[in-house]
Student: 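Sharing a structure here in structure tokens format.
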Amino acid sequence: MSNWEGINEFVAVVETHSFTAAAARLGISVAQVSRQVTALETRLATKLLYRTTRKVSVTELGTTYYQHCRQLLDGLDEAERAITNVQQTPRGKLKLTAPVTYGERNLAPLINRFLVQYPELEVSLNLTNQRLDLVEEGFDLAIRLGKLTDSSMMARRLGSRTQYVCASPDYLAARGAPHSLSELERHNCLQGTLDHWRFQENSRERTLRLKGNLRCNSGRALLDAALKGIGIVQLPDYYVADSLDRGLLVALLTQYQPPGEGIWALYPHNRQLSPKVRLLLDFLAEQLAEQQAQPPSS
């Protein structure tokens with residue numbers, strides 16, 4: 001039996017706290033993970049993990065063994081990166097996740113362009129608005145928008161998004177355009193998941209709680225309502241850019257527009273970035289910078 005057998009499975013169980021999550025990360029069955037870990041414990045004549053029906057925890061000796069195994073696996077990763085650098089052709093798997101609408105409109109086209117350049121890569125892109133566990137589910141990267149709340153991750157800022165307040169010409173013809181923040185109280189302000197809109201006034205951030213006859217957790221639905229003349233919306237640029245450019249929406253109160261919010265790439269602290277991941281991050285940062293050099297029409 002190879003001394004390496006069971007190590008990947010054991011490390012995955014420790015890092016995900018679950019045989020099921022470890023199996024999902026490695027792409028094998030739960031039974032195979034269990035067999036490999038059990039065989040490893042038998043070979044070492046040592047209990048590495050405590051198993052109950054509700055959780056998995058690591059023994060004291062298991063913790064020591066994990067630390068050495070993690071160093072060995074990191075060394076293997078370094079060796080693979082060295083080979084990849086020599087070959088200068090990124091290959092293998094990349095697994096990332098991003099919000100649905102931003103992923104569909106902005107990220108997926110860039111990923112596809114990246115794959116055209118590097119066809120030996122295999123990308124798994126999971127578009128979801130849920131905050132997935134990167135370590136437990138084996139993601140290389142997560143793209144997140146706005147203010148970051150997860151301090152357990154490393155973050156690289158790839159770009160920024162801008163919030164626009166806008167309405168259709170039909171709505172403005174019927175109700176008039178607001179020229180100050182106080183005038184918004186007299187308008188039908190369509191609401192999303194947040195209970196406030198963000199602005200900047202006199203170099204300071206200001207939030208307003210406004211009222212409208214529609215609240216929805218879908219930016220696309222709010223955009224459709226604004227296009228139909230129902231009310232005013234505040235949405236990120238990737239929702240409204242095309243409609244602004246085509247004159248279907250009009251940007252309002254641009255003098256109070258808040259500073260751009262971050263577009264972030266997150267990855268686990270304990271995971272050194274491979275060259276292919278760094279290459280993707282550099283590519284995304286470059287492409288997003290080019291997109292933002294062409295702001296929507298006002």
Side-chain angles (χ1 to χ4, degrees), residues 7-8 11-12 14-16 21-22 24-27 67 69-100 102-128 131-161 238 260-294:
I7 288 180
N8 276 319
V11 168
V14 173
E15 292 181 348
T16 63
R25 176 200 281 194
L26 298 173
Q67 292 169 348
C69 289
R70 184 69 265 175
Q71 291 176 5
L72 289 172
L73 294 177
D74 287 342
L76 279 177
D77 288 342
E78 287 288 349
E80 290 184 4
R81 282 193 286 273
I83 295 298
T84 302
N85 284 335
V86 171
Q87 293 174 326
Q88 296 183 345
T89 301
R91 53 174 54 87
K93 296 183 178 181
L94 280 173
K95 186 177 181 182
L96 60 155
T97 180
V100 176
Y102 182 79
E104 290 176 343
R105 294 176 62 93
N106 292 66
L107 187 64
L110 298 182
I111 296 296
N112 294 339
R113 195 179 305 169
F114 189 70
L115 279 173
V116 170
Q117 293 186 29
Y118 305 106
E120 294 186 47
L121 284 171
E122 180 182 337
V123 174
S124 173
L125 175 60
N126 186 333
L127 299 182
T128 175
R131 294 298 178 97
L132 302 179
D133 189 311
L134 303 192
V135 174
E136 181 174 326
E137 302 195 38
F139 284 97
D140 296 296
L141 291 173
I143 304 301
R144 300 275 168 80
L145 308 174
K147 294 182 179 180
L148 296 180
T149 57
D150 191 345
S151 61
S152 67
M153 295 286 139
M154 298 291 288
R156 174 176 170 180
R157 186 168 180 146
L158 301 177
S160 62
R161 67 173 184 176
Y238 50 87
E261 300 173 316
I263 299 170
W264 305 92
L266 270 60
Y267 53 93
H269 272 287
N270 64 351
R271 186 173 300 165
Q272 295 182 349
L273 291 181
S274 65
K276 60 190 176 187
V277 175
R278 291 186 185 278
L279 188 64
L280 174 60
L281 289 179
D282 292 342
F283 175 83
L284 292 177
E286 178 184 349
Q287 296 297 314
L288 291 174
E290 290 183 9
Q291 289 181 4
Q292 289 160 11
Q294 302 174 349

Student: For P119 versus V116, what's the shortest heavy-atom pair and its separation?
Tutor: CD-O, 3.8 Å

Student: By the salt bridge (Lys or Arg N to Asp or Glu O under 4.0 Å) test, which pairs, at least two apart or in different chains, include something from residues 115-125?
Tutor: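 Listed once each, the pairs are R91-E120.
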
Student: Is there side-chain contact between I263 and L284, with at least one heavy-atom pair below 4.5 Å?
Tutor: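 They are not in contact (no side-chain heavy atoms under 4.5 Å apart), so the answer is no.
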
Student: Return the minimal non-hydrogen interatomic distance between R156 and A285, and the atom names on each side.
Tutor: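 What the structure gives for the nearest pair is NH2-CB, 3.9 Å.
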
Student: Going by the rule side-chain contact (heavy atoms from CB on, under 4.5 Å), which residues pair with L73 if we only count those two or more places apart in sequence or in a different chain?
Tutor: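 Applying side-chain contact (heavy atoms from CB on, under 4.5 Å) to L73 gives W4, I7, N8, V11, R70, L76.
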
Student: Test V277 against every option in D140, L96, D282 by the side-chain contact (heavy atoms from CB on, under 4.5 Å) rule and name the one that passes.
Tutor: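 One option only clears the test, and that one is D140.
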
Student: If you measure from CZ on R144 to CG on L134, what distance do you get to the nearest 0.5 Å?
Tutor: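 Going from CZ on R144 over to CG on L134, the span is 5.5 Å.
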
Student: Going through the distances and angles, do Y238 and L145 end up as a side-chain contact (heavy atoms from CB on, under 4.5 Å)?
Tutor: CA-CA 12 Å; Y238 50 87; L145 308 174; 3.2 Å; yes

Student: Tell me every residue that passes side-chain contact (heavy atoms from CB on, under 4.5 Å) with T128, counting only those two or more places apart in sequence or in another chain.
Tutor: T97, N126, Q130, L132

Student: Indicate the atoms forming the closest heavy-atom contact of L141 with L281, along with that distance.
Tutor: CD1-CD2, 3.6 Å

Student: Could you report the tightest heavy-atom contact between A155 and W264, atom names first, then the distance?
Tutor: CB-CE3, 4.1 Å

Student: State the CG-CD distance between L280 and Q117, to the nearest 0.5 angstrom.
Tutor: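 These two atoms lie 11.0 Å from each other.
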
Student: Where is the tightest heavy-atom contact between K93 and K276, given as atom of each residue plus distance?
Tutor: O-NZ, 3.2 Å

Student: So, using side-chain contact (heavy atoms from CB on, under 4.5 Å) as the criterion, who are the partners of A108 when residues are at least two apart?
Tutor: L125

Student: Under the side-chain hydrogen bond (donor to acceptor under 3.5 Å, both in side chains) test, which residues partner E137, sequence neighbours left out?
Tutor: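 With sequence neighbours excluded, E137 shows a side-chain hydrogen bond (donor to acceptor under 3.5 Å, both in side chains) to no residue whatsoever.
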
Student: Could you pull out all residues at least two apart from F283 that satisfy ring-ring contact (aromatic ring centres under 6.0 Å, His included)?
Tutor: F114

Student: Please step through side-chain contact (heavy atoms from CB on, under 4.5 Å) for the pair V123 and N112, ending with a clear verdict.
Tutor: CA-CA 9 Å; V123 174; N112 294 339; over 6 Å; no

Student: Nearest 0.5 Å please: distance from the CG atom of L110 over to the CD atom of E286.
Tutor: 10.5 Å

Student: Measure across G103 and L127 and return the closest heavy-atom pair with its distance rounded to 0.1 Å.
Tutor: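 Taking G103 first and L127 second, the nearest heavy atoms are CA-CD2, 3.7 Å.
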
Student: First locate atom CD of Q287, then atom CG of L107, and finally report the distance between them rounded to the nearest 0.5 Å.
Tutor: 11.5 Å

